[in-house]
Amino acid sequence: MARRTLNDPPLTQSDPEIAALIAAEERREVDKLRLIASENYVSRAVLDATGSILTNKYSEGYAGKRYYEGQQLIDQIELLAISRVKQLFGAEHVNVQPYSGSPANLAAYLAFCKPGDPVLGLGLPAGGHLTHGWSVSITGKYFDSHGYGVKRDDQRIDFDEVVRLAREHKPKLIWCGTTAYPRTLDFARFREIADEVGAILCADIAHISGLVAGGAHPTPVGIADVVTTTTHKTLRGPRGGMILCKAEHAKAIDRAVFPGLQGGPHNHTTAGIAVAAGEALRPEFKEYAHAVVANAKALAEGLKSRGFDLVTGGTDNHLILLDLTSKNVPGKVAAQALDRAGIVANYNSVPFDPRKPFDPSGLRIGTPSITTRGMGSAEMAKLAEWMERVVAAPEDSAVVEGVAAEVKELCAEFPPPGIQID
Ligand code: DSN
């Protein structure tokens, strides 16, 4: 019998509309300076694994205990991902199945809390995450959540308030972790507080996991009971999540992820995590992590010297939070003008912001993506100058277009990984 001919055209032929949009996004990611602190570029290898046929396979359960047959290879992939992540972070137990950071955090709640239980986390306006108990999130609706903040004088975490709220509410779970906080987190201090009130300590290191893996930020592993993270920020993996925990919590965490919250893991993502963890185990990744911080510090100094106000006065990590009040430009106006100039960031509330979250005073920028492209201190100096020019004249199209042309020229010298454009 003749073999059946399969009609299986590539995307460009099968769906030219989507293919064209992806190609245009590739162009955008090449031509712009991407300063969104939670974004990065993955390698071609991570892209290959993530875009693979592993998306075809169902594998509810864990290696050796699945609810579907045909897991001979999937089990090996998941076990490889787990062993590499364990080695990378020195963790006792790792679950690589959470679909992203928010589901990973929900799994921590499910593992240790009942609805209505008190929990404590950094408030969103002070740089926390929605899932740390903020009112509009399910975590603020289903739990008795309390938010600590930062101090007015130095905008650093207010540990007196953490202690006071912990003693008052006796939380089941305390979150330490941030999305818009430019300083090192003192995990040991949080541990002391959690111990005093008998709480589980959960560190959400989504933003800094690549810095932790590369030794450019202290690790919470071995200090916190549970560590959650996304895999696609400074860690430079595919979009996904994972949970690291002490062996004593392994069962509770695994049960919470599956069957508590999720069905089948995304095996293509698991393979991408394995590849990214393999990359992060190489010595170059340590250099990368330290370069991310060095670039953030250089950019912070450049901006300060041009009269920008920085929340906390600087940075210890990959991000900078600018308070544009003294520049008389709202964060959103600045973000939109910078985007037109090829400098992509997000507007952001600053601590004690008198403006609304959808029209706040601040701008959040980060150096993970531009460091992946190989940029260094000379480029940070240029970037500070361009930002000053655009923020000084956000409505002046000559200024904005002039900067955009210079940005594009610089970007051409620093091709990002994973994207091939002629
Ligand atoms: N949205 C992510 C960030 O940009 O920080 C956090 O979930």
Side-chain angles (χ1 to χ4, degrees), residues 29 32-42 98-109 121-140 145 147 150 155 157 175-185 202-212 217 220 226-243 261 269 273 276 292-293 296 311-312 315-322 331-332 334-336 338-339 343-351 353 357-358 360-372:
E29 292 192 13
K32 307 273 170 124
L33 288 168
R34 299 170 59 233
L35 299 188
I36 292 179
S38 46
E39 292 183 354
N40 213 328
Y41 295 95
V42 297
Y99 298 142
S100 197
S102 297
N105 288 353
L106 285 183
Y109 285 96
L122 180 63
L124 191 70
H129 189 252
L130 285 164
T131 55
H132 299 169
W134 191 241
S135 55
V136 298
S137 153
I138 186 171
T139 61
S145 69
V150 295
Q155 298 155 322
I157 287 174
W175 286 101
C176 54
T178 62
T179 66
Y181 184 71
R183 295 298 181 177
T184 301
L185 292 171
C202 197
D204 177 348
I205 59 166
H207 265 258
I208 55 169
S209 55
L211 306 184
V212 170
H217 188 288
V226 175
V227 177
T228 62
T229 183
T230 50
T231 48
H232 47 270
K233 298 187 175 93
T234 46
L235 197 55
R236 237 166 42 182
R239 290 197 95 89
M242 53 192 191
I243 305 177
L261 280 172
T269 301
I273 291 172
V292 167
V293 176
V311 171
T312 76
T315 182
D316 300 327
N317 59 24
H318 63 300
L319 74 78
I320 298 164
L321 191 54
L322 300 162
K332 196 172 192 171
Q336 289 173 346
L338 286 164
D339 188 39
I343 298 169
V344 190
N346 64 279
Y347 57 86
N348 213 102
S349 295
V350 296
D353 202 329
F358 201 60
S361 304
L363 187 77
R364 188 185 71 160
I365 57 176
T367 52
S369 302
I370 52 179
T371 307
T372 295

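Order of listing sets the numbers, starting from 1, for every ligand and every atom in it.
In this structure, the side chains of His207 and Tyr181 stay at 4.5 Å or more apart for every pair of heavy atoms.
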Worked check of side chain to side chain donor-acceptor pair (under 3.5 Å) between His132 and Asp204: CA-CA 9 Å; His132 299 169; Asp204 177 348; 2.8 Å; yes
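Figure legend: cation-pi geometry between Arg239 and Tyr99 absent, as NZ or CZ is not positioned both under 6.0 Å from the six-membered ring centre and within 45° of its axis.
For the atom pair SG of Cys176 and CG of Leu185, the computed distance is 6.5 Å after rounding to the nearest 0.5 Å.
In terms of protein heavy-atom proximity, atom 5 (O) of ligand 1 is closest to His207 NE2, 2.7 Å. Ranking the protein heavy atoms by distance from atom 7 (O) of ligand 1 puts His129 NE2, 2.9 Å first.
In terms of modelled atom types and a separation under 3.5 Å, the side chain of Thr315 and the main chain of Asn317 share a donor-acceptor contact.
Looking at Thr179 next to ligand 1, no N or O pair under 3.5 Å apart turns up.
When each atom of ligand 1 is checked for a heavy atom of Ser38 under 4.0 Å away, the hits are 3 (C), 4 (O), 5 (O). Shown in contact with Arg364 at under 4.0 Å from a heavy atom are these atoms of ligand 1, numbered in order with element: 3 (C), 4 (O), 5 (O).
The two residues Val212 and Pro220 come nearest to each other via the heavy atoms CG1-CD, 4.3 Å.
For atom 1 (N) of ligand 1, the nearest protein heavy atom lies 4.0 Å or farther away.
Distances shorter than 4.0 angstrom do not occur between any heavy atom of Glu39 and any atom of ligand 1.
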